[in-house]
Amino acid sequence: MIHGIPRERTRAGRVWSGAAAIAAAGALVLGMVGTAAAASPTLAAGGRVLALTRGATTHIGATNSAPRTSSKVSPLSQAGSSEISPINDITERSPKVEVPATNPPTTPPSVAGNKVSYTTPGATGFNGLSHVDSRMASGGNQFSLEPPDQGLCVGNGFVLETINDVLAVYKANGTMVAGPTALNAFLGYAPSIDRTNHVYGPFVTDPKCYFDAGTQRWYHTDLTLDVNPTTGADTGTTHVDIAVSQTSDPTGAWTVFHLDTTNGDGSLKNHPGCPCLGDQPLLGFDATGMYITTNEFSVAGPNFNGAQVYATSKWELAAAADGLGSPGVVVSFDGLPLAEGQAYSLQPADSVGGYATGHGGTEYFLSALQFGPAPLDNRIGIWSLTNTSSLNGLHPKIKLQSHVMASEVYGQPNPAVQRNGILTLNTTLTLLNSNDDRMNQVVYANGLLWSGVNTIVTTKDGSTRVGIAYFAVDPEWHGSALGGHVARQGYVAVNGNNVLFPAIGVDRWGNAVMTFTLVGPKYYPSAAYLSLGASSTSGMIHVIGDGAGPADGFTGDPAYGGTDHVERWGDYSAAVTDGAGHIWVATEYIPGGPRTSLANWGTFVAKVNP
């Protein structure tokens, strides 16, 4: 049972018809366009009401106590068609539509850099999941995948880690108590590749998870593309899968729901080129709702239809997972303008130590504005979804608006160089893909929104490297109009080296910890963190997972399509806060020990006392 669900009516046994779903519409989108100095609201498209469909009842499998060992996979000449998914690269696209900016900055930020220490005061950690775990789950009926796409959630003494394409549950001391379980198996699907019978299952990617203290439930999301079981080719049907635990114990039963993201055949307004996929689903929560945002691409290409926002009641979803009626409706928004461009990668906020309850309940988002072709920008966007308490009602009426703020300069980063070392697969040292400068994970704590982006920087020795620009945004309201300003910002960089894919965790007192990968001519890819504090930055980067060698994966190998020798990395890290105020972080690095023939990446999970 879910205790304390704020309900406006009884939902048990309710069935939504298409007419009832349409009648529940009533959302409005306001786009605050223009410059940071002045903006006036204009109407934008949005407000469709969708329904979730129920899928499997599932669980995370029992732990395999056998030690992890190195795994051989067949060479390309024998298994090229079965080692890499036929649609492995379908989501490797840039979520930007180039549009000229007015007077963009022209000089990358010059950063003196932070010092690096191998001491980790108040922090402990353990090796998380790796490519070995991912590739060998489901009896080895998995594809080789890069990058991991780090997911992490913590609650009730459990730590749940999810990556491409496997998940596991640990106790706080790092002891695994469930998994590793393939995401396909967890979601009730056939294996991604059945090598005995040569049958393909759905392609699952981009996992995220969250433990919600209010509902005492675990939530897990991912993007799934349905495939032809004979050829592995995409069918054009896509969905975001939402798994919700039936109790506060993640090792127990879960219920899976599906949110269709195909969005028709191209005739639907704001969805040209569809059938489409909702790339990199991002996840946020407030007192009432669960929020998912995606970047919509045509499955066949090349259309990019901008950011999509989906909102639903977390309470009704949790109740439905328990079998108490149907989940609530999903209100969606699309066609979102921002300044001179099209919005991309809206990062919804998770909340720590209190939700934003004004304006009928508010969920905040942050996004970047470097649309290109100019490689730099000095603005970021804040978004608000208001009246979210109405998501518990029959007729949700929520409003989305945005505001553009001035910020420090950031811009498109280059691939990251790494320290030379022994290679097993590649014959040339690869670069690590730093992707772009989209906004990373957002957390709302003590009235501020924290986040960061990868950015190009010039370090003290004059070299151009990958750094991090971070922001703490103070939302402001002028009546019902959203405003805001950057209350605190700064850069993280290491002279002559790189830091990339930040995630920031904040405790209830406003102390922040940022995690990321540290890599460069001096460093193998390593897991690191930095304390931002409540009001100041310590300046010292702490290496908690020391890289054991260079990244040596198949995505940087020309034999597997890596003609530019740039290896996939990231695409994101994770940071969350537990009930005791500890900040947990997880990021990609290169561990020592077992590897597969095609990749040697792993993850490191750590608990930090800020």
Side-chain angles (χ1 to χ4, degrees), residues 44-46 48 84-101 145-147 149 164 202-206 222-228 231-240 260-282 292-310 332-346 367-375 377 411-415 433-439 454 555 560-564 566 568 570-572:
R48 289 192 303 135
I84 312 300
S85 168
I87 57 173
N88 184 65
D89 62 351
I90 197 168
T91 60
E92 295 180 28
R93 309 187 204 176
S94 173
K96 296 182 181 182
V97 176
E98 291 191 351
V99 57
L145 293 169
E146 289 187 315
D149 293 351
N164 287 332
F203 180 82
V204 180
T205 188
D206 295 338
D222 64 82
L223 164 65
T224 296
L225 291 82
D226 292 336
V227 304
N228 182 306
T231 66
D234 66 85
T235 64
T237 302
T238 70
H239 37 96
V240 171
D260 182 76
T261 53
T262 309
N263 283 327
D265 58 3
S267 60
L268 190 64
K269 184 179 179 182
N270 295 322
H271 300 279
C274 288
C276 290
L277 62 91
D279 190 33
Q280 202 176 92
L282 306 173
I292 296 171
T293 68
T294 66
N295 289 321
E296 183 174 279
F297 294 95
S298 168
V299 172
N303 299 69
F304 171 57
N305 296 333
Q308 317 288 305
V309 178
Y310 302 94
S332 71
F333 299 85
D334 51 33
L336 304 179
L338 185 64
E340 71 277 4
Q342 185 176 37
Y344 63 93
S345 296
L346 270 64
S367 65
L369 272 84
Q370 190 270 312
F371 302 109
D377 212 298
Q412 177 66 40
N414 296 321
N433 197 341
S434 58
N435 289 2
D436 53 37
D437 50 7
R438 74 186 72 183
M439 196 67 66
N454 289 344
T555 54
Y560 292 89
T563 54
D564 54 2
V566 177
R568 294 292 305 278
D571 283 325
Y572 41 84

### Query
Residues in side chain to side chain donor-acceptor pair (under 3.5 Å) with E296, at least two apart?
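By the side chain to side chain donor-acceptor pair (under 3.5 Å) rule, E296 matches N263, H271, N305.
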### Partner set under side chain to side chain donor-acceptor pair (under 3.5 Å) for S434, not counting sequence neighbours
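Not a single residue meets the side chain to side chain donor-acceptor pair (under 3.5 Å) criterion with S434.
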Can you tell if the side chain of [X] reaches within under 4.5 Å of the side chain of [Y], non-hydrogen atoms only?
{"X": "N303", "Y": "F297", "result": "no"}
{"X": "D279", "Y": "Q308", "result": "no"}
{"X": "T205", "Y": "D149", "result": "yes"}
{"X": "L346", "Y": "F333", "result": "no"}
{"X": "V299", "Y": "T238", "result": "yes"}
{"X": "Q280", "Y": "T293", "result": "no"}

Keeping the roles fixed (side chain from [X], backbone from [Y]), state whether a donor-acceptor pair exists under 3.5 Å.
{"X": "Q412", "Y": "N435", "value": "yes"}
{"X": "T294", "Y": "G278", "value": "no"}
{"X": "T555", "Y": "R568", "value": "yes"}
{"X": "S332", "Y": "V309", "value": "no"}

Donor-acceptor pair between [X] and [Y] side chains, under 3.5 angstrom:
{"X": "T262", "Y": "T237", "result": "no"}
{"X": "T224", "Y": "D222", "result": "yes"}
{"X": "K96", "Y": "Q370", "result": "yes"}
{"X": "D437", "Y": "N454", "result": "no"}

On a heavy-atom basis, which atom in [X] and which in [Y] lie closest, and how many Å separate them?
{"X": "P95", "Y": "R438", "value": "CD-NH2, 3.2 Å"}
{"X": "L225", "Y": "L277", "value": "CD2-CD2, 4.0 Å"}
{"X": "S298", "Y": "C276", "value": "CA-SG, 3.8 Å"}
{"X": "P281", "Y": "D206", "value": "CD-CB, 3.6 Å"}
{"X": "A101", "Y": "E340", "value": "CB-OE2, 3.5 Å"}
{"X": "P373", "Y": "P100", "value": "CD-N, 4.2 Å"}

Euclidean distance, [Y] [atom2] relative to [X] [atom1], rounded to 0.5 Å:
{"X": "F203", "Y": "I87", "atom1": "CZ", "atom2": "CD1", "answer": "5.5 Å"}
{"X": "L338", "Y": "S367", "atom1": "CG", "atom2": "OG", "answer": "5.0 Å"}
{"X": "L268", "Y": "D334", "atom1": "CG", "atom2": "CG", "answer": "7.5 Å"}
{"X": "N295", "Y": "S345", "atom1": "CG", "atom2": "OG", "answer": "4.0 Å"}

### Query
According to the interplanar angle, ranging from 0 to 90°, do the rings of Y344 and F371 count as parallel (below 30°), tilted (30 to 60°) or perpendicular (above 60°)?
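Aromatic pair Y344/F371 classed perpendicular.
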